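Predicted model only: the values in this text are computed from it and were never measured.
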Amino acid sequence: MPVETVDRSRLELDAEADRVRGEIDDLFARLLVSRGDGRDVLFEAMRHAAIGGGKRLRPLLTVATAKLFGIDRERALRAGAAIEAIHVYSLIHDDLPCMDDDDLRRGKPTVHKAFGEAAAVLAGDSLHALAFEILADPDTHEDPFVRSDLILELAKAAGPWGMAGGQMMDLAAEGQTLDLPAITRLQQLKTGALIEYSVEAPCIMARLPADARTPYRGYARNIGLAFQIADDLIDHGGDEGAAGKRTGKDAEAGKATFVSVLGPERAEQQARLLVSQAIEHLDAHGAEADLLRTLARFSIERKH
């Protein structure tokens, strides 16, 4: 791809990513309004975690995929906000002392450092509930069967068959030697399940049957793994200031990662192969899928 084309694609991706970040922040700001009572600290903690910072990869994927099917942007943003609410809740809980015990997230103090552990737990719980409240609202989709499918698939992606299950596998694996298939399976659940849902949600909203969603799930599965490899590379040798979080945690905890198994060079090669495969899944589409193609390419060239 010519350099000028790459530069233009990157600028377009950056502009859309900035727009989505602003729109998601605005939506959370409207949803998380204090009530002037004993819940004020809870709402403040939720806003601290949900507004500002973060890549917003998942809502960006949802909005970009929605373009393939002509889905209304506001509806796509609502679905993306629901996914981001689940993602943010998981970060709040993951940062707690009983989990990874982190004090920095998205360049800010973690929620339990800023508001205390009890408020952090409740903020995570409340964002989890908010995700399903958003999806159940007719503003997200007029068809109750579509809303039901959206809720069902997000519950699967967030629970023991998805993200939470992967997190448990990750905790259980500390200090153990895992091979590449085991790490791949763990990360497909821990990180990949929500990313896959981010692409599948617009397919559900467009009423695509399950078998027609296969190439989109394939795309999401590939970039989910590529994205995780990029995260592992950042944790292995990235700049903590640019990352907005503490790096080197995986090695300290004795966690097996793509980098620890493959080494940095082979891990980066594997990520690039996954990106190429992801883009191949979009062959049936033309220019309307260019944002998804660009997003795949640049998912492994980030610093945070």
Mind listing the closest non-hydrogen atom pair of Pro202 and Val199 along with its distance? CD-O, 3.2 Å

Report yes if some heavy atom in the side chain of Asp125 is under 4.5 Å from a heavy atom in the side chain of Leu122; otherwise report no. yes

Side chains of Asp232 and Phe227: does their closest heavy-atom pair fall under 4.5 Å? no

Kindly say whether the aromatic ring centers of Tyr219 and His285 come within a distance under 6.0 Å. no

Check: Ile86 and Phe132 side chains under 4.5 Å, non-hydrogen atoms: yes

Looking at Gln176 and Ala172, would you say the former's side chain and the latter's main chain have a donor-acceptor pair under 3.5 Å? yes

Backbone N/O of Ala296 and side chain of Ser299: donor-acceptor pair under 3.5 Å: yes

Following the transitive rule for hydrophobic clusters with a side-chain heavy-atom cut-off under 4.5 Å over Ile, Leu, Val, Met, Phe, Trp and Tyr, establish whether Phe69 and Ile204 coincide in one cluster. yes

Assess the residue pair Leu60 and Glu16 against the criterion (side chain to side chain contact (heavy atoms under 4.5 Å, CB included)); give the C-alpha distance rounded to whole Å, side-chain angles, the decisive distance to 0.1 Å, and a yes or no. CA-CA 8 Å; Leu60 180 58; Glu16 181 66 354; 3.8 Å; yes

Passes side chain to side chain contact (heavy atoms under 4.5 Å, CB included), Leu225 versus Thr191? Steps please. CA-CA 8 Å; Leu225 288 173; Thr191 303; over 6 Å; no

I'd like to check Glu74 versus Asp139 (side-chain heavy atoms, cut-off strictly below 4.5 Å). Are they in contact? no

Ion pair check, Asp25 and Arg56, cut-off under 4.0 Å: yes

Leu189, Leu91: one ILVMFWY side-chain cluster at the under-4.5 Å cut-off? no

Hphob cluster co-occupancy, Val20 + Leu31, side-chain heavy atoms under 4.5 angstrom: yes

Asp170 side-chain N/O to Gly166 backbone N/O, donor-acceptor pair under 3.5 Å: no

Is any side-chain heavy atom of Val261 closer than 4.5 Å to a side-chain heavy atom of Leu178? no

Would you check if Leu57 and Leu295 make a side-chain contact, meaning some heavy-atom pair closer than 4.5 Å? yes

Which heavy atom of Ile300 sits nearest a heavy atom of Ala226, and at what distance? CG2-O, 3.6 Å

For the pair Asp100 (side chain) and Asp102 (backbone), establish whether a donor and an acceptor sit closer than 3.5 Å, ignoring hydrogens and angles. no

Please check this pair: side chain of Glu288 against backbone of Gly286, looking for a donor-acceptor N/O pair closer than 3.5 Å. yes

Salt bridge check, Glu23 against Arg73: does any charged N sit closer than 4.0 Å to a carboxylate O? yes

Check: Val146 main-chain N/O paired with His141 side-chain donor or acceptor under 3.5 Å: no

Side-chain donor or acceptor of Thr294 paired with backbone N/O of Asp290 under 3.5 Å: yes

Could you check if a side-chain atom of Ile223 sits within less than 4.5 angstrom of a side-chain atom of Leu61, using non-hydrogen atoms only? yes

Please determine whether a side-chain nitrogen of the Lys or Arg among Asp37 and Arg35 lies less than 4.0 Å from a carboxylate oxygen of the Asp or Glu. no

Quick one: are Leu171 and Met99 in side-chain contact, heavy atoms under 4.5 Å? yes

Keeping Ser34 on the side-chain end and Gly36 on the backbone end, is there a donor-acceptor pair under 3.5 Å? no

Between Ile71 and Ala206 the two heavy atoms that sit nearest each other are CD1-N, 4.0 Å

Taking the basic N atoms (NZ, or NE/NH1/NH2) and the acidic carboxylate oxygens, is any pair closer than 4.0 Å for Asp14 and Arg10? yes

Answer with yes or no whether the hydrophobic clustering places Leu127 together with Leu42; edges join I, L, V, M, F, W, Y residues whose side-chain heavy atoms lie under 4.5 Å apart. yes

Evaluate Glu133 against Arg147 for salt bridge (charged side-chain N to carboxylate O under 4.0 Å, His left out), listing each step before the verdict. CA-CA 11 Å; Glu133 181 181 341; Arg147 299 199 302 271; over 6 Å; no

Is it true that Arg221 and Glu196 make a salt bridge, defined as a side-chain N closer than 4.0 Å to a carboxylate O? yes

Report the C-alpha distance between Glu142 and Arg75 in whole Å, list the side-chain angles of each, state the deciding distance to 0.1 Å, and finish with yes or no for salt bridge (charged side-chain N to carboxylate O under 4.0 Å, His left out). CA-CA 10 Å; Glu142 76 280 358; Arg75 291 184 171 192; 2.6 Å; yes

What I want to find out is whether Arg213 reaches Glu200 closely enough, with some N-O distance under 4.0 Å, to be called a salt bridge. yes

Polar side chain donor-acceptor pair, Thr140 to Arg78, under 3.5 angstrom: yes

Run the numbers on Phe258 and Leu233 for side chain to side chain contact (heavy atoms under 4.5 Å, CB included), then give the verdict. CA-CA 8 Å; Phe258 287 107; Leu233 287 165; over 6 Å; no

Please find out if less than 6.0 Å separates the ring center of His48 from that of Phe115. yes

Please find the pair of heavy atoms, one from Ala66 and one from Ala76, that lie closest to each other, and give the distance. CB-CB, 3.6 Å

I'd like to know if Arg105 pairs up with Asp95 as an ion pair, taking the criterion as any Lys NZ or Arg NE/NH1/NH2 lying under 4.0 Å from an Asp or Glu carboxylate oxygen. yes

Looking at Arg293 and Glu12, does any basic side-chain N land under 4.0 Å from a carboxylate oxygen? no

Presence of salt bridge, Arg47 and Glu44, under 4.0 angstrom: no

